Amino acid sequence: MSDPTGTVAPVTDEEIFTGHEGGKLSVAATRPISSPRDLSIAYTPGVAKVSRAIAEDAAKAKRYTWADRLVVVVSDGTAVLGLGDIGASASLPVMEGKSVLFKTFGGLDSIPLVLDTTDVDEIVETLVRLRPSFGAVNLEDVSAPRCFELEDKLKEALDCPVMHDDQHGTAIVTLAALRGANLVLDRAIADQRVVVSGAGAAGVACAKILQGAGIGDVTVLDSRGIIHEGRDGLNPVKARLAATTNKAGLRGGLAEALEGADVFLGLSGATIDESLLGRMAGGGIVFALSNPDPEVHPDVAARYASIVATGRSDFPNQINNVLAFPGVFRGALDSGARAITENMKLAAAEAIVSVAMDDLGPDRIVPSPLDPRVAPEVAAAVAKAAEADGVTD
């Protein structure tokens, strides 16, 4: 239940557990079977004709099965929400929920697939063997840095769209929110420096998409401080970050990074002292996206920033991945895309902002996650970008 401002009333434990009893998914037939004739068409003997046709021409599976429109939500349970490495079985309620969102917002069939292995090559081999059964892969809640290797290997091994939503869904919506915030403040992102606190899956992807969108500079921090060239102990992912970010050549920690910064993007789960926000440039932007507890309470952040956003539904400006992934996958599948490109992600972000253009404001820099216009607009933009990039069949 929501009040007129869009905030969500507290939910009880009883409501939560009742809402998950028996799972959140079921399989429904697309055509009724109410007579012997229906049965002979849906199953034997009629189905044999369809199977023979596909055996002769594999491309016909796209028309006569659901595989081409089916998204598998894949997880090994190693980085689930804020719960960490809780295993495959415990991750299943989350993956079921993701499948519900695919159907509700994108009109796509989806099934959760949780794997009892953390070996990257085993996961790749499993999905390669299952490839005839699905049309796209949504990776979910896989720990960093393994998630980067897994996504790269799957993209190479599979001829279908693959996206790790914790990385790219977050990045798409964050870019959209930053675009919206700057439209409200009448500023250009090319003039801004963004501080990204957190160098995990989301932090790395956000840094990359912001650079692709033309941001002035990005400074990324991990638990040891600012990531910069020459710092010891950087893994390959962070070494690439060091080579392309931090144009200002900063050293130190969050205090040094935030000095004069225009935007703070929190993706680390760590709380920060509000005094650090006072080091930012005046009228800045704060996105405190850790869930369930933002890095800084929005009311506190508002003392220092002109625009504040979180990942929570009970505060204004919710940056929620559901604004992105249903439309991204819908657009990729609608266009017959074999991959999800950087331009498709940028197009998705622009489409999200376009939906909110009519009533942008300090408390509305992106549309509501429940706005029915979002997924169709994103899908159309993504499909157009896929065709322009030449990745469609």
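As the structure is a computational prediction, the values presented were derived from the model and not from experiment.
Using a 4.5 Å cut-off on side-chain heavy atoms (C-beta onward), I215 and Q192 make contact. Between I189 and R179, the closest side-chain pair of non-hydrogen atoms falls below 4.5 Å. Side-chain contact between I307 and V286 is absent, with no heavy-atom pair separated by less than 4.5 Å. You'll find the side chain of T126 stays beyond 4.5 Å of the side chain of T117, heavy atoms only. Counting only heavy atoms from C-beta outward, the side chains of N182 and I285 approach each other to under 4.5 Å. Side-chain contact between S110 and K103 is absent, with no heavy-atom pair separated by less than 4.5 Å. V94 places a side-chain heavy atom less than 4.5 Å from the side chain of L81. Between S306 and L185 there is a side-chain heavy-atom pair separated by less than 4.5 Å.
Atom SG in C147 sits 4.5 Å away from atom CD in Q167 (nearest 0.5 Å). Note that NZ of K24 and NE2 of H20 are 4.5 Å apart. Values are rounded to the nearest 0.5 Å. Separation of atoms CG (L154) and CG (L158) is listed at 5.5 Å; rounding is to 0.5 Å. Separating the CG atom in D141 from the CD1 atom in I86 is a distance of 8.0 Å, to the nearest 0.5 Å. From I227, atom CD1 reaches atom CG of L221 across 7.0 Å, with rounding to the nearest 0.5 Å.
Checking side-chain atoms of Q211 against main-chain N and O of V218 turns up no donor-acceptor pair under 3.5 Å. Put simply, the side chain of T174 never gets that close to the backbone of C206: no donor and acceptor are under 3.5 Å apart. One N or O on the side chain of Q318 and one on the backbone of G311 form a donor-acceptor pair closer than 3.5 Å. Looking only at distances, a side-chain donor or acceptor of T244 sits under 3.5 Å from a matching main-chain atom of R240. Without hydrogens or angle criteria, R193 side chain to A257 main chain gives a donor-acceptor distance under 3.5 Å. R69 places no side-chain N or O within donor-acceptor distance of the main-chain N or O of R330, the cut-off being under 3.5 Å.
Atom CG of D116 has 12 or fewer neighbouring heavy atoms from other residues, nucleotides or ligands inside a 6.0 Å radius. Enclosure of atom NZ in K155 by more than 12 non-hydrogen atoms of other residues, nucleotides or ligands within 6.0 angstrom is indicated. The number of heavy atoms from other shown groups lying within 6.0 Å of NZ (K208) does not exceed 12.
The aromatic ring centres of F325 and F105 sit 6.0 Å or more apart. When ring centroids are compared, F264 and F287 stay outside the 6.0 Å threshold. The aromatic ring centres of F315 and H297 sit less than 6.0 Å apart.
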Stepwise side-chain hydrogen bond (donor to acceptor under 3.5 Å, both in side chains) test for N321 and D165: CA-CA 8 Å; N321 286 21; D165 185 50; 3.1 Å; yes
Residues L183, V353; criterion side-chain contact (heavy atoms from CB on, under 4.5 Å); working and verdict: CA-CA 10 Å; L183 285 168; V353 178; 3.8 Å; yes
Check against side-chain contact (heavy atoms from CB on, under 4.5 Å), N320 and V173: CA-CA 7 Å; N320 189 319; V173 183; 5.8 Å; no
side-chain contact (heavy atoms from CB on, under 4.5 Å) assessment of V74 paired with N138: CA-CA 6 Å; V74 179; N138 179 101; over 6 Å; no
Verdict with supporting geometry, V142 and D166, side-chain contact (heavy atoms from CB on, under 4.5 Å): CA-CA 8 Å; V142 179; D166 300 305; 6.0 Å; no
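Of the residues listed (E151, E156, E149), the one engaging K153 in a salt bridge (Lys or Arg N to Asp or Glu O under 4.0 Å) is E149, and it is the only one. In summary, of the residues considered (D152, D119, D76, D121), a salt bridge (Lys or Arg N to Asp or Glu O under 4.0 Å) with R146 occurs for D76 alone.
Note: the hydrophobic cluster containing V137 also contains V120 (ILVMFWY, side chain heavy atoms under 4.5 Å, direct or indirect links).
Listed here is the closest heavy atom pair of R338 and T392: NH1-O, 2.8 Å. When all heavy atoms are compared, the tightest approach of T18 to E14 is OG1-O, 2.8 Å. Closest of all the heavy-atom pairs between E140 and S75 is O-OG, 2.8 Å. When all heavy atoms of L127 and F134 are compared, the closest pair comes out as O-CZ, 3.5 Å.
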